[in-house]
Each structure stands twice: as C-alpha cells, then as structure tokens.
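Lettering follows sequence order; numbering is per chain, from 1.
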Amino acid sequence: MTDADAEAGPDADAALPEDVDAVRAALVEWYEADHRSFPWRETTDPYRILVCEVMSQQTQLERVEAAYRAFLEAWPTVEDLAAADRADVVGFWTDHRLGYNNRATYLHTAAGQVVEDYDGAFPETPDELQELHGVGPYTANAVASFAFNGGNAVVDTNVKRVLHRAFDVEDSDSAFEEAAQRLMPDGESRTWNNAIMELGGVACGKVPRCDEAGCPWRGSCRAYETGDFTAPDVPTQPSFEGSRRQMRGRVVRTLREYDDLALDALGPRVRVDYAPGGTFGRAWLRDLLSDLADDGLVELDERDGDTVARLRR
DNA sequence: CTCCAGAACA
DNA sequence: TGTTCTGGAG
C-alpha cells in the first residue's frame with residue numbers, strides 16, 4: 001500500500017477499474033482520433049485560456065465561440081484588458097449575451113491583478129491562479145493544465161457525471177476530486193482534462209450517447225453494464241422570466257445606451273409596470289441598483305436630490 | 001419547462 | 001451550507 005492510499009482511505013479507489021492504464025489509454029486515443037474543434041484548443045496563451053474559461057461558466061460552448069473571437073480582437077492581451085474601461089467590458093458582455101455580467105468585472109479585475117501583482121506574467125500554479133478574482137478551483141486547474149500542462153484534474157459537472165456513471169464514484173466533491181486525480185496520468189493534464197470533459201460533453205451528456213459517440217469506456221462502464229445512467233444532482237435554477245437576474249440584465253443593457261439615467265427614466269425601461277410609488281417603484285429599483293453597485297457594475301450618485309445611475313467606468 | 005467548461009458572498 | 005448571478009436554445 002502506498003502512502004497515498006493510506007492517506008486517502010482503504011476504499012478511496014475501490015470504484016476505479018483494475019486496469020487504470022488501459023482505461024486511460026482508451027480515452028486519450030478516443031480523444032485524439034476525433035474531437036470538436038474550438039479556438040481555445042489551438043492556444044496555450046494563459047490569457048486566452050482564462051477568457052474562454054470565464055465565458056464558459058454556465059454558458060454553452062457554441063455561444064462562447066463567437067464572443068471569444070470578438071473579445072480577443074478588442075483586447076488581445078492581458079495588458080489591453082487591464083487598461084480597458086470596465087463599462088466597455090461589461091457592455092461587451094451584454095452585447096454578446098454572455099450572461100452573468102459579474103463575470104465581466106471579474107475578468108477585468110483579474111487582468112489588473114496579473115499586470116499589477118505578477119508583472120503581466122500569469123502565475124502557473126492552481127493556488128496562485130485562485131488568487132485571481134473570479135478564479136475558483138475549476139478555472140485554476142483549467143488554466144494550469146491547458147496553458148501550462150500542469151495543475152490537477154479538473155472537476156466540473158461533466159467530469160462528475162462521467163465518474164459517477166462509469167465508476168460509481170459517490171456524489172461528493174471530495175470523492176470526485178480524489179477519483180479524478182487518481183485517474184489522470186501524470187504529466188498529461190492538458191490532454192487528459194480536455195479528453196474527459198469532451199467525453200462528458202459528447203458521449204456522456206445528460207442523455208448518454210455511448211454507441212453513437214463510440215465511447216471508449218463501454219467495456220468497463222458500470223452504467224453501460226447496468227443501464228442505470230443516473231447522474232449526480234445538479235441544483236435546479238429558479239425560472240428566469242420575471243426574476244431578479246432578468247431585471248439586472250435589463251438595467252445593464254439600458255444603461256449601456258445612456259451616459260446616465262435617473263430612477264424614473266430607468267424604471268419603465270426595466271419593467272413596463274414600474275410606478276414610482278408602487279410595488280415596483282423607486283424603493284425596488286434603488287435596492288436592485290444597490291446590489292449592482294456592490295457588484296461593481298453600476299455607479300450611483302445624487303443630482304438635484306435625485307438618484308442617477310450609470311455603468312461604472 | 002430544462003439545460004449549460006462555477007464562483008462569490010453571507 | 002445555502003443563495004445569487006444571465007440568457008439563448010431545445
């Protein structure tokens with residue numbers, strides 16, 4: 001028994017197959033034979049990888065592709081982005097329907113950190129990368145592996161689904177991290193992380209396509225054997241229509257068209273049923289704007305006793 | 001209605 | 001640990 005086994009516990013890798021090497025080789029071979037082509041798979045520039053990863057959070061890859069190209073045309077380097085007006089970056093985000101405008105501010109802030117704290121040269125370790133605003137465990141490992149072929153195994157919803165179905169890994173973050181790391185071949189994080197996420201996106205999606213996609217793990221997959229393709233629970237989101245986040249999006253999009261706007265001018269453009277004293281009135285809008293200001297998206301000031309909002313520059 | 005390469009904040 | 005953050009597509 002190795003030290004790693006003792007540390008992890010006796011049954012930590014009980015779910016993994018006997019011939020781990022064969023399973024690894026099969027996936028890498030499957031990935032390298034044929035996979036989807038994305039522009040960010042053609043680069044090892046950490047800035048480009050970070051842009052792609054932040055855009056990809058909770059957003060379909062197909063929609064990311066056009067935005068990714070346009071973004072890099074507008075701000076080709078991390079220095080360009082750090083020097084940009086925040087309002088322009090947020091404006092770009094909404095124009096390209098990327099959602100979660102917060103992420104535009106994260107990316108802008110992170111670019112400033114790279115320039116200020118690291119003299120323009122990206123850190124290479126997951127721990128250092130996580131110091132960047134908006135970079136958590138997943139994104140840190142993604143940048144470390146895709147840019148530097150380092151870091152640990154990435155764990156996202158795709159990887160969790162694959163590990164749970166194929167090897168019956170229990171639905172807990174620590175179990176997923178451990179299994180993913182044990183499965184990943186040393187020194188091949190770039191290819192491996194791409195491959196296992198590709199598997200989750202192409203062959204082992206919510207609706208499995210094992211035979212159509214020629215899944216390389218059919219011979220050792222528990223789900224394929226038993227027919228039980230249950231996937232880990234992904235928390236269901238509340239409906240978008242009429243939600244607070246829909247209203248936030250409308251505020252940002254409206255302010256994009258104006259230098260600044262007073263409450264009663266902004267309100268009707270956010271909700272048709274806006275009425276200064278009503279349920280959806282000044283108090284409601286002020287509360288919404290206050291959160292947007294806390295998130296660094298909007299600036300508020302007083303003019304002639306009235307509140308005026310604009311995108312933060 | 002659901003899904004989608006997560007992270008910040010309380 | 002739970003809650004919040006967008007919006008397009010099927």
Between A:Arg244 and C:dC5, is there a contact of a side-chain N or O with OP1 or OP2 at under 4.0 Å?
yes
Among B:dC4, C:dC5, B:dA7, the nucleotide that comes nearest once only the side chain of A:Tyr100 is considered
C:dC5
Say we look at C:dT6 and B:dC9: how far apart would their P atoms be, to the nearest angstrom?
14 Å
Whole-Å distance separating the CD atom of A:Glu53 from the P atom of B:dC4
16 Å
Between P on B:dA8 and CG on A:Asp291, what's the gap in Å once rounded to a whole number?
18 Å
Nearest-Å distance for atom pair CZ/C1', residues A:Arg248 and B:dA8:
12 Å
Checking A:Arg69 against A:Glu65 for the salt bridge (Lys or Arg N to Asp or Glu O under 4.0 Å) test, could you report, in this order, the C-alpha distance in whole Å, the side-chain angles of both residues, the deciding distance, and whether it holds?
CA-CA 7 Å; A:Arg69 294 182 194 283; A:Glu65 196 161 343; 3.5 Å; yes
Using the side-chain heavy atoms of A:Asn102, tell me which of these nucleotides is nearest: B:dA5, B:dA7, C:dC5.
C:dC5
Side chain of A:Arg97: nearest nucleotide among C:dG7, B:dA5, B:dC4?
C:dG7
For B:dA5, measure the glycosidic angle (O4'-C1'-N9-C4 for a purine, O4'-C1'-N1-C2 for a pyrimidine) and name it syn if it falls within 90° of 0, otherwise anti.
syn
Cationic N near anionic O, under 4.0 Å, A:Asp306 to A:Arg303:
no
Mind checking A:Glu62 for me? I need base, sugar-phosphate or nothing, with any heavy atom below 4.0 Å counting as a touch.
nothing
Partner of B:dA5 under the Watson-Crick or G-U wobble criteria, both distances under 3.5 Å, comes out as none
Taking NZ from A:Lys160 and P from B:dA5, how many angstroms apart are they, rounded to a whole number?
13 Å
Just to confirm, is there a sub-4.0 Å distance from OP1 or OP2 of B:dC4 to any side-chain nitrogen or oxygen of A:Ser56?
no
Regarding A:Thr94, tell me which of base, sugar-phosphate or nothing describes its non-hydrogen contacts under 4.0 Å with the strands shown.
nothing
When you measure from the side chain of A:Asn193 to the backbone of A:Val154, do you find a donor-acceptor pair of N or O atoms at a distance under 3.5 Å?
yes
Would you indicate what A:Gly136 reaches in the nucleic acid, counting non-hydrogen atoms under 4.0 angstrom: base, sugar-phosphate, or nothing?
sugar-phosphate
Considering only atom P, compute the distance from B:dA5 to C:dT3 and round it to an integer number of Å.
24 Å
What closest approach, in Å, do A:Val251 and A:Leu288 show between heavy atoms, and which atom pair accounts for it?
CG2-CD2, 3.8 Å
In whole angstrom, give the distance that lies between atom CG of A:Leu61 and atom C1' of B:dA5.
6 Å
Which nucleotide sits closest to the side chain of A:Gln58: B:dA7, B:dG6, C:dG7?
B:dG6
At less than 4.0 Å, is any side-chain N or O atom of A:Arg103 found next to OP1 or OP2 of C:dG7? Yes or no.
no
Across all strands shown, which nucleotide pairs with C:dT6 by Watson-Crick or G-U wobble geometry, both distances under 3.5 Å?
none
Value in whole Å for how far the C1' atom of B:dA7 lies from CG of A:Leu132
13 Å
Report the nucleotide, chosen from C:dT6, B:dC3, C:dG7, that has the shortest atom-to-atom distance to any side-chain atom of A:Lys206.
B:dC3
Flag for A:Ser243-A:Arg248: side-chain donor and acceptor within less than 3.5 Å
no
May I ask you to evaluate whether A:Thr157 reaches the phosphate of B:dG6, defined as a side-chain N or O under 4.0 Å from OP1 or OP2?
yes
Any donor-acceptor N or O pair under 3.5 Å, side chains A:Gln57, A:Tyr138:
no
Selection from B:dC9, C:dG7, C:dC5 that lies nearest to any side-chain heavy atom of A:Phe240:
C:dG7
Which value, rounded to the nearest 0.5 Å, describes the distance between A:Arg244 atom CZ and A:Trp284 atom CH2?
8.0 Å
Ranking B:dA5, C:dT6, B:dA8 by distance to the side chain of A:Asn101, first place goes to C:dT6
Starting the side chain at C-beta, find the nucleotide from B:dA7, B:dC9, C:dG7 nearest to A:Arg253.
C:dG7
First of A:Arg41 and A:Val135 reached from the 5' end of DNA chain B, by closest nucleotide:
A:Arg41
Winner on side-chain proximity to A:Gln60, out of C:dG7, B:dA7, B:dA5, is C:dG7
Distance in angstrom units between A:Arg250 CZ and C:dG8 P, rounded
11 Å
Among C:dT6, B:dA7, C:dG8, the one nearest A:Tyr138 by side-chain distance:
B:dA7
Most 5' of A:Phe38 and A:Asp295 on DNA chain B, judged by nearest nucleotide
A:Phe38
Whole Å only: how far is the CG atom of A:Leu98 from the C1' atom of C:dC5?
14 Å
